[in-house]
Structure formats: C-alpha cells, structure tokens
Number of protein chains: 2
Amino acid sequence: MDDFDVQILKQLQTDSRQSTEAVGSKIGLSASSCQRRIKKLKQQGVIQTEVAILDRSKLPNIITTIVEITLEKGGEQALNATLDDLNNEASIQQLYYMAGDIDFVVIVVTNNMEEFDQLSRKLFMSNTNIKKFTTKVVIKPHKTNLSIPLDKLTNNSH
Amino acid sequence: MDDFDVQILKQLQTDSRQSTEAVGSKIGLSASSCQRRIKKLKQQGVIQTEVAILDRSKLPNIITTIVEITLEKGGEQALNATLDDLNNEASIQQLYYMAGDIDFVVIVVTNNMEEFDQLSRKLFMSNTNIKKFTTKVVIKPHKTNLSIPLDKLTNNSH
DNA sequence: GCTGAAATACCGCGGTC
DNA sequence: GACCGCGGTATTTCAGC
C-alpha cells in the first residue's frame with residue numbers, strides 16, 4: 001500500500017463508478033496500472049464492496065433514531081446473543097460496541113415512529129439482557145458517509 | 001416507484017457492481033427494463049452515488065469515536081457556522097442534527113487517539129458556540145452500512 | 001518482474017418493434 | 001418487455017524496459 005493505492009481508495013470512496021482511466025489521470029497513473037491496483041485492492045479485501053447510496057429526501061417517510069443501550073451484567077453468551085439479534089435487523093443500519101457505561105450505540109432507520117415503536121418493543125424492551133436504553137431522534141442527517149479519512153495514513157507510512 | 005423499483009434499490013444497496021441482467025433475473029425482470037428503471041432512478045436522484053466500502057480491518061490504525069455536542073443558545077447563524085465547520089472536516093464521517101437537549105451527534109474516524117485529541121481541540125474546544133461535548137470511544141463497529149430498509153415501504157405504497 | 005499499449009470481450013445504452 | 005447495434009469500459013495479452 002503506497003501513496004498511489006491511498007489516492008485510488010480516496011477516489012473510489014467518493015465515486016466508484018468513474019473509469020479506471022479517470023482515476024488514473026487524476027492521480028498521475030496509466031489506466032492499466034490503475035486497474036491492476038484496483039483489482040489487487042479488491043482481491044486483498046481492502047475494497048469490500050461497492051454500494052449505491054440513496055437520497056433519503058427522495059424516499060417517503062424515513063426517520064432516523066440513535067439508541068444507546070446498556071446491558072445487564074450477563075456473560076459473553078448474552079452479549080453475543082444480543083449482538084446477533086441487532087445485527088440481523090435490517091432497520092438497524094449501524095451498530096457500535098462501546099467502551100464505557102453504554103454498551104451499544106445503534107442507528108435505527110424506520111419509515112415512521114410507529115414502526116420504530118414496534119421495533120423498539122421487539123428488540124429492546126423484550127430483551128432481558130438489556131438493562132436500559134435511551135432514544136434520541138434525528139431531525140436531519142447532515143452528513144452520512146462511510147469514508148475513511150486516508151490523508152494522515154499517507155504520512156504515517158513514510 | 002413500484003415494487004420492482006424497490007427491489008432494484010435493495011439489490012444495488014447491497015452490490016452496485018452487479019450487471020442489470022443479474023439484478024433483473026433476481027427480481028424477475030428483463031435486463032432492458034431493469035436498465036431503464038435504474039437509469040430513471042439515477043436521473044431522479046433516488047440513487048445518489050455509488051461508492052466503494054473499505055474494510056477497516058485491512059487498514060492500519062483506525063479508531064472511531066462518537067461525540068455528542070450541545071450548543072450555546074446562539075442564533076441560526078451560529079448554528080450554521082458550526083454545521084459548516086463540522087461538515088468540512090473529512091474525519092467527521094457522520095453528522096446528525098438532533099431533537100432534544102443534545103444538538104449534534106457526530107461520528108469521528110481518526111488514525112489514533114492523538115489525532116482525535118488534536119481534532120477535538122480544533123473543532124470542539126475552540127468553538128465558542130459549543131457549550132458541552134462528550135466523547136464515547138467505539139471498541140468495535142459491528143455493523144456499518146447506509147442501507148435504507150425498503151421492505152415496509154413496499155407495503156405502504158399499496 | 002513491472003509498466004504501458006493494443007486486442008478482445010463485456011456491459012450499458014438508445015432505438016425500434 | 002424483447003431484440004439489435006453502437007459506444008465505452010474492463011480485462012487479457014503482448015511487447016518493451
């Protein structure tokens with residue numbers, strides 16, 4: 001992983017549909033070598049997938065909530081069971097396992113509050129491993145991407 | 001937007017690199033009509049972009065923190081200024097404007113704690129509009145996607 | 001062995017029925 | 001919705017360093 005690879009990743013994190021030639025010319029690399037690097041990055045699994053990003057304002061009835069969850073002192077088994085439950089729910093977009101008194105932060109996307117309520121009852125209230133949870137409602141998601149900043153990474157590798 | 005469109009979006013949210021023929025055969029549609037629908041969804045802006053998702057475990061030194069920010073009672077101008085600041089920072093991956101006592105929840109990605117500290121000083125401490133902020137450290141991001149659940153949406157449109 | 005250019009194959013795209 | 005033809009892009013192969 002050299003600077004060129006980092007530059008390629010930065011480009012593809014912004015727009016994965018641009019041609020290898022376009023990426024190459026932006027970073028000063030031929031289309032062929034650029035394509036070879038991309039292929040290698042995919043093989044290595046550094047590039048995991050490519051996905052379409054939807055504009056939620058063009059979709060009806062999308063609400064986002066952020067839920068903070070504190071677990072009972074259960075064992076590792078209880079932890080994993082809860083993780084599985086949350087992982088398998090499509091409405092749970094993101095799930096972070098935290099250090100500190102709060103165990104999970106989850107970002108939930110539903111079509112309305114009633115749907116959130118149903119989900120909350122099913123996933124949070126009825127789970128005996130969950131001691132406490134608090135819900136915050138998002139007014140507007142101003143920025144939502146999964147880009148990993150790679151600028152500093154370049155400097156580190158020198 | 002009918003069921004077919006919804007199915008297409010679900011597919012492309014998982015893998016945007018599959019061919020129109022592949023998508024079509026999965027949902028029972030010809031490649032041509034599938035392609036026409038995808039084009040329309042892009043024109044309408046429902047499909048905003050396509051991006052590469054990186055595997056952070058294959059990248060060195062990535063830490064994630066979740067910061068909750070409470071603003072001083074400033075006007076709209078102060079709010080917008082702070083929004084701009086946060087929006088323009090590459091290390092801020094996600095920025096949610098919240099209802100309730102906390103004004104923003106932001107997800108920050110940096111290469112190490114020192115880098116976070118520097119960012120935190122620059123963005124949070126030195127911003128006089130920010131009254132208070134609390135930082136939670138992520139141990140492990142178990143699930144991170146931006147997929148919008150579309151199953152229920154199907155039912156709504158009947 | 002790695003890089004850049006040509007050849008091939010594939011896919012997206014528009015038009016037409 | 002299906003068929004066909006064009007253009008662009010990815011992928012393979014080959015020549016040169």
Side-chain angles (χ1 to χ4, degrees), chain A residues 1-56 58-59 145-148 150-151 153-158, chain B residues 1-55 58-60 145-148 150-151 153-158:
Chain A
M1 277 261 292
D2 59 7
D3 278 14
F4 283 127
D5 286 327
V6 169
Q7 293 301 318
I8 288 172
L9 293 177
K10 280 185 70 174
Q11 283 299 321
L12 297 184
Q13 279 195 123
T14 307
D15 176 10
S16 67
R17 258 293 148 93
Q18 56 187 323
S19 67
T20 57
E21 197 281 328
V23 176
S25 71
K26 280 179 194 169
I27 66 179
L29 218 57
S30 74
S32 338
S33 63
C34 193
Q35 190 259 326
R36 265 189 287 265
R37 281 166 182 272
I38 293 172
K39 189 183 171 188
K40 198 172 136 206
L41 289 165
K42 284 182 184 172
Q43 274 172 182
Q44 287 172 163
V46 178
I47 298 173
Q48 216 167 34
T49 47
E50 292 173 38
V51 300
I53 303 296
L54 308 188
D55 183 351
R56 40 202 309 152
K58 301 279 165 59
L59 261 30
N145 67 55
L146 297 176
S147 292
I148 293 168
L150 298 168
D151 291 316
L153 201 118
T154 311
N155 299 331
N156 283 354
S157 50
H158 293 167
Chain B
M1 278 260 293
D2 59 6
D3 278 14
F4 283 126
D5 286 327
V6 169
Q7 293 302 316
I8 288 171
L9 293 177
K10 280 184 69 173
Q11 283 298 321
L12 296 184
Q13 279 195 122
T14 308
D15 176 11
S16 66
R17 260 293 150 94
Q18 55 187 323
S19 67
T20 57
E21 197 282 328
V23 176
S25 72
K26 279 178 192 168
I27 66 179
L29 215 57
S30 73
S32 349
S33 63
C34 195
Q35 189 254 320
R36 265 190 284 266
R37 282 168 182 270
I38 292 172
K39 189 193 167 190
K40 198 172 136 205
L41 289 166
K42 284 183 185 172
Q43 275 174 180
Q44 288 171 165
V46 179
I47 298 173
Q48 216 168 33
T49 46
E50 293 173 36
V51 299
I53 304 296
L54 309 189
D55 183 350
K58 301 278 165 61
L59 262 31
N145 67 55
L146 297 176
S147 292
I148 292 169
L150 298 167
D151 291 315
L153 202 118
T154 312
N155 299 330
N156 284 354
S157 50
H158 292 166

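What you see is a predicted model, and the numbers here were worked out from it, not measured in a lab. Chain A is the first sequence line, chain B the second, and so forth, proteins listed ahead of strands; every chain is numbered from 1. Excluded from the calculations below are hydrogen atoms, water molecules and symmetry mates; all remaining heavy atoms, backbone and side chain alike, are included.
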Exercise. Using heavy atoms and a sub-4.0 Å distance, could you list which residues of residues 42-50 of chain A are near DNA chain C? By number, please.
Key: none
Quiz item: Nearest heavy-atom pair of B/A52 and A/S16: which atoms, and what distance?
Solution: N-CB, 3.6 Å
Practice problem: Whole angstrom is fine here: how far is it from CD1 in B/I8 over to C1' in C/dG12? | Solution: 14 Å
Quiz item: Side chains of A/V51 and B/L146: does their closest heavy-atom pair fall under 4.5 Å?
Solution: no
Quiz item: What's the CD-P distance between A/E21 and D/dA10, to the nearest Å?
Solution: 9 Å
Self-check item: Counterpart residues, side chain to side chain donor-acceptor pair (under 3.5 Å), relative to B/E21 (two or more places apart)
Solution: none
Quiz item: Can you check the B/K40 NZ to D/dG1 P distance for me, whole Å?
Solution: 11 Å
Quiz item: Minimum heavy-atom separation for B/I27 to B/F4, with atom names?
Solution: O-CE2, 3.5 Å
Practice problem: Measure across B/C34 and B/V23 and return the closest heavy-atom pair with its distance rounded to 0.1 Å. | Solution: SG-CG1, 3.6 Å
Exercise. Please name all residues satisfying side chain to side chain donor-acceptor pair (under 3.5 Å) with A/S32, sequence neighbours left out, ordered by chain then number.
Key: none
Quiz item: B/D55: what forms a side chain to side chain donor-acceptor pair (under 3.5 Å) with it, not counting sequence neighbours?
Solution: B/S57
Self-check item: Interatomic distance, A/R37 CZ vs D/dA10 P [rounded to whole Å]
Solution: 17 Å
Exercise. With the side chain counted from C-beta on, respond yes when A/D2 and A/R37 share a heavy-atom pair under 4.5 Å apart, and no when they do not.
Key: yes
Quiz item: Would you call B/E50 and A/R17 a side-chain contact if the rule is heavy atoms closer than 4.5 Å?
Solution: yes
Quiz item: What's the spacing between A/L9 CG and A/I38 CD1 if we round to 0.5 Å?
Solution: 9.0 Å
Quiz item: How does protein reach along nucleotides 12-17 of chain D, written 5' to 3' as B (base within reach of a heavy atom under 4.0 Å), S (only sugar-phosphate), or - (no contact)?
Solution: B-----
Quiz item: Which part of the nucleic acid, if any, lies within reach of B/L29 when heavy atoms closer than 4.0 Å are counted: base, sugar-phosphate only, or nothing?
Solution: sugar-phosphate
At a cut-off of 3.5 Å, list every protein nitrogen or oxygen paired with a nitrogen or oxygen from nucleotides 9-11 of chain C, distance to 0.1 Å.
none

Quiz item: Would you say C/dT3 has OP1 or OP2 under 4.0 Å from some side-chain N or O of A/S30?
Solution: no
Quiz item: Any sub-3.5 Å donor-acceptor pair from B/K26's side-chain atoms to B/Q11's backbone N or O?
Solution: no
